[in-house]
Amino acid sequence: MRTFLTQGDGIDALRTVDLPVPSAGPREVLVRMTAAALNFRDLLVVKGQGGWKPPEDRVPVSDGVGVVTA
């Protein structure tokens with residue numbers, strides 16, 4: 001799957017990567033995203049502001065819709 005990742009180090013540092021499709025674990029579901037919306041929280045995550053500095057790579061999407069596949 002292709003995704004954008006951030007480490008909270010700014011919009012210019014966003015990178016596109018190809019990752020393997022994850023599998024759902026116990027008490028989890030896997031959702032194939034069909035639409036996503038970015039909002040102000042996502043901007044904070046990308047900039048590492050407001051207490052949103054991620055400890056590792058993050059996908060900056062707060063709102064989305066999709067189909068449960070597993």
Side-chain angles (χ1 to χ4, degrees):
M1 70 179 191
R2 180 164 290 183
T3 188
F4 285 96
L5 293 179
T6 182
Q7 290 185 335
D9 45 6
I11 291 174
D12 292 335
L14 273 174
R15 60 195 189 285
T16 305
V17 296
D18 289 312
L19 298 174
V21 176
S23 57
R27 302 179 60 93
E28 295 180 334
V29 296
L30 182 63
V31 178
R32 182 177 49 85
M33 299 296 290
T34 56
L38 300 177
N39 58 39
F40 186 69
R41 179 195 169 275
D42 300 308
L43 185 59
L44 294 176
V45 170
V46 169
K47 290 182 175 182
Q49 297 177 340
W52 293 103
K53 182 73 174 170
E56 69 263 345
D57 288 342
R58 265 319 150 213
V59 177
V61 174
S62 297
D63 300 310
V65 64
V67 177
V68 175
T69 60

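As a basis for the values below, the full set of heavy atoms in this structure was taken, side chains included, without hydrogen atoms, waters or symmetry mates.
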Exercise for the section: Using side-chain hydrogen bond (donor to acceptor under 3.5 Å, both in side chains) as the criterion, list what pairs up with D18, not counting sequence neighbours. Expected result: R2
Exercise for the section: Not counting sequence neighbours, which residues clear side chain to side chain contact (heavy atoms under 4.5 Å, CB included) with S23? List them please. Expected result: none
Problem - Qualifying side-chain hydrogen bond (donor to acceptor under 3.5 Å, both in side chains) pairs with a residue from residues 40-51, counting only residues at least two apart or across chains - result: R41-S62, D42-S62
Practice task
Would you kindly confirm whether V65 and V68 end up in one hydrophobic cluster when ILVMFWY residues are joined by side chain heavy atoms under 4.5 Å apart?
Solution key: no
Practice task
For residues 54-70, pull every pair meeting salt bridge (charged side-chain N to carboxylate O under 4.0 Å, His left out), keeping only residues two or more places apart or in separate chains.
Solution key: R15-D57, E56-R58
Fill in the blank from the handout: For M1, the hydrophobic cluster (side chain heavy atoms closer than 4.5 Å, chained through members) also holds L5, V17, L19, V21, L30, L38, V59, V61
Handout entry: Counterpart residues, side-chain hydrogen bond (donor to acceptor under 3.5 Å, both in side chains), relative to D9 (two or more places apart)
Key = none
